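Beneath this line is the structure, given in structure tokens, with notes to follow.
Below, all heavy atoms of this structure are taken into account, side chains as well, without hydrogens, waters or symmetry copies. Numbers here are sequence positions counted from 1. It should be emphasised that the depicted structure is a prediction, and the values quoted were computed from it without experimental measurement.
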Amino acid sequence: MWKLELDEDYFRIYDSKKMVAGYFDPDYGDIRSREDAEEIIPRMLKNHAGIRGGYVMVPLVKFNLFDTDLNIGINELDAQVSRVLAHVSKWKDFLTRSGRDIHHIRISHTDQDMLTITFPVIFLEPVVLEKSALAVEIAPIFDSLQKLDLL
């Protein structure tokens with residue numbers, strides 16, 4: 001159901017409707033600070049090197065409030081804020097139940113009215129840097145997020 005496509009050194013994750021559901025940024029190890037990282041990462045990708053995990057980034061919540069043309073009443077504002085709070089509560093439950101204490105929330109690069117969440121993923125065994133192998137490993141996470149209506 002989930003399809004990955006390589007984009008530079010990370011993977012875009014698409015759902016069954018071919019919409020971007022999130023991103024997976026592999027943990028390439030301690031090479032990002034090296035001068036030759038721009039050569040090492042493509043080589044790791046080409047050779048399908050094994051990795052121990054990485055980072056998943058997905059949309060957290062869209063506010064539908066921060067628009068320059070916003071003109072709403074107090075009741076609509078209350079409804080939007082209540083919707084956002086309910087959605088954040090579902091995320092808190094997911095993070096607690098899945099033991100994901102470490103996460104980062106940021107403003108989306110593509111939509112200033114949306115927050116994204118990034119959290120680490122650790123594989124039980126090294127997984128090759130190949131889109132179908134990675135898709136198998138991260139599918140349970142995205143299946144859970146979809147089932148909980150968090151995507």
Side-chain angles (χ1 to χ4, degrees), residues 1-34 37-38 40-42 44-45 51-124 127-151:
M1 162 146 187
W2 307 102
K3 183 178 177 187
L4 276 69
E5 290 297 328
L6 183 63
D7 188 354
E8 296 183 22
D9 60 352
Y10 65 92
F11 293 84
R12 292 178 189 261
I13 303 163
Y14 293 92
D15 64 14
S16 61
K17 297 174 187 167
K18 298 181 180 169
M19 301 291 294
V20 176
Y23 303 89
F24 177 71
D25 187 11
D27 182 354
Y28 292 102
D30 192 25
I31 63 167
R32 293 217 185 249
S33 60
R34 292 179 46 177
E38 290 181 8
I40 294 173
I41 292 173
M44 289 177 73
L45 289 162
I51 58 166
R52 297 295 304 200
Y55 297 89
V56 166
M57 185 188 73
V58 293
L60 175 73
V61 67
K62 182 156 175 69
F63 288 89
N64 293 327
L65 290 173
F66 302 106
D67 183 355
T68 56
D69 296 331
L70 183 69
N71 184 8
I72 61 174
I74 194 71
N75 291 334
E76 189 176 347
L77 174 63
D78 183 54
Q80 290 292 57
V81 170
S82 295
R83 177 191 56 79
V84 168
L85 287 173
H87 196 72
V88 169
S89 180
K90 288 194 311 187
W91 266 103
K92 283 176 59 178
D93 290 345
F94 168 78
L95 293 169
T96 299
R97 282 187 285 113
S98 62
R100 298 188 188 283
D101 298 330
I102 299 171
H103 57 274
H104 305 281
I105 297 170
R106 294 184 174 93
I107 295 173
S108 171
H109 294 295
T110 59
D111 185 346
Q112 297 293 302
D113 191 38
M114 182 174 17
L115 296 177
T116 61
I117 186 166
T118 303
F119 52 86
V121 175
I122 300 171
F123 304 137
L124 296 176
V127 175
V128 296
L129 275 168
E130 191 273 322
K131 56 187 176 183
S132 61
L134 291 170
V136 168
E137 292 297 319
I138 64 171
I141 296 167
F142 279 80
D143 290 344
S144 294
L145 293 174
Q146 186 174 50
K147 183 178 177 182
L148 295 169
D149 199 28
L150 293 174
L151 288 178

Distance-only donor-acceptor pairs under 3.5 Å for side chains of residues 14-24, two or more places apart:
unit_1: Asp15; atom_1: OD1; unit_2: Lys17; atom_2: N; d: 2.9
unit_1: Asp15; atom_1: OD1; unit_2: Lys18; atom_2: N; d: 3.1
unit_1: Asp15; atom_1: OD1; unit_2: Met19; atom_2: N; d: 2.9

What donor-acceptor contacts under 3.5 angstrom involve side-chain atoms of residues 135-151, with partners at least two apart or in another chain?
unit_1: Asp143; atom_1: OD1; unit_2: Trp2; atom_2: NE1; d: 2.6
unit_1: Ser144; atom_1: OG; unit_2: Pro140; atom_2: O; d: 3.1

Run the side-chain donor-acceptor check on residues 53-62: report pairs under 3.5 Å with partners two or more places apart or on a different chain.
unit_1: Lys62; atom_1: NZ; unit_2: Asp111; atom_2: OD1; d: 3.4
unit_1: Lys62; atom_1: NZ; unit_2: Asp111; atom_2: OD2; d: 2.5
unit_1: Lys62; atom_1: NZ; unit_2: Asp113; atom_2: OD2; d: 3.4

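Looking only at side-chain heavy atoms (C-beta outward), Ile40 and Tyr28 stay at 4.5 Å or farther from each other. Put simply, the side chain of Ser82 reaches to within 4.5 Å of the side chain of Asp78, judged on heavy atoms. Residues Asp27 and Phe123 have side chains not in contact (no heavy-atom distance under 4.5 Å, counting atoms from C-beta outward).
Not counting sequence neighbours, the partners of Leu77 by the side-chain contact (heavy atoms from CB on, under 4.5 Å) test are Leu65, Ile72, Ile74, Val81. For Phe66, the ring pair (Phe, Tyr, Trp, His ring centres under 6.0 Å) test picks out Phe63, with sequence neighbours left out. Partners of Ile107 under the side-chain contact (heavy atoms from CB on, under 4.5 Å) rule, at least two apart in sequence or in another chain, are Gln112, Leu115. In terms of the side chain to side chain donor-acceptor pair (under 3.5 Å) criterion, Asn75 has no residue partners (sequence neighbours excluded). Residues that satisfy the side chain to side chain donor-acceptor pair (under 3.5 Å) test with Arg83, not counting sequence neighbours, are Gln80. Under the side chain to side chain donor-acceptor pair (under 3.5 Å) criterion, Thr96 pairs with no residue, sequence neighbours left out. In this view, Ala133 and Val127, Val128, Glu130 satisfy the side-chain contact (heavy atoms from CB on, under 4.5 Å) rule, not counting sequence neighbours. With sequence neighbours left out, Glu8 forms a salt bridge (charged side-chain N to carboxylate O under 4.0 Å, His left out) with no residue at all. In this structure Glu38 satisfies the side chain to side chain donor-acceptor pair (under 3.5 Å) test with no other residue, sequence neighbours excluded.
Here the side chain of Arg52 pairs no donor or acceptor atom with the backbone of Ile122 at under 3.5 angstrom.
Taken from CG in Asp25 to CG in Asp9, the straight-line distance is 6.0 Å, to the nearest 0.5 Å. Annotation: the span from Lys131 atom NZ to Leu45 atom CG amounts to 12.0 Å, rounded to 0.5 Å.
Residue Leu134 forms a side chain to side chain contact (heavy atoms under 4.5 Å, CB included) with just one option from Ile13, Ile51, Leu6, and that option is Ile51.
No more than 12 heavy atoms of other residues, nucleotides or ligands shown are found within 6.0 angstrom of CG on Leu124.
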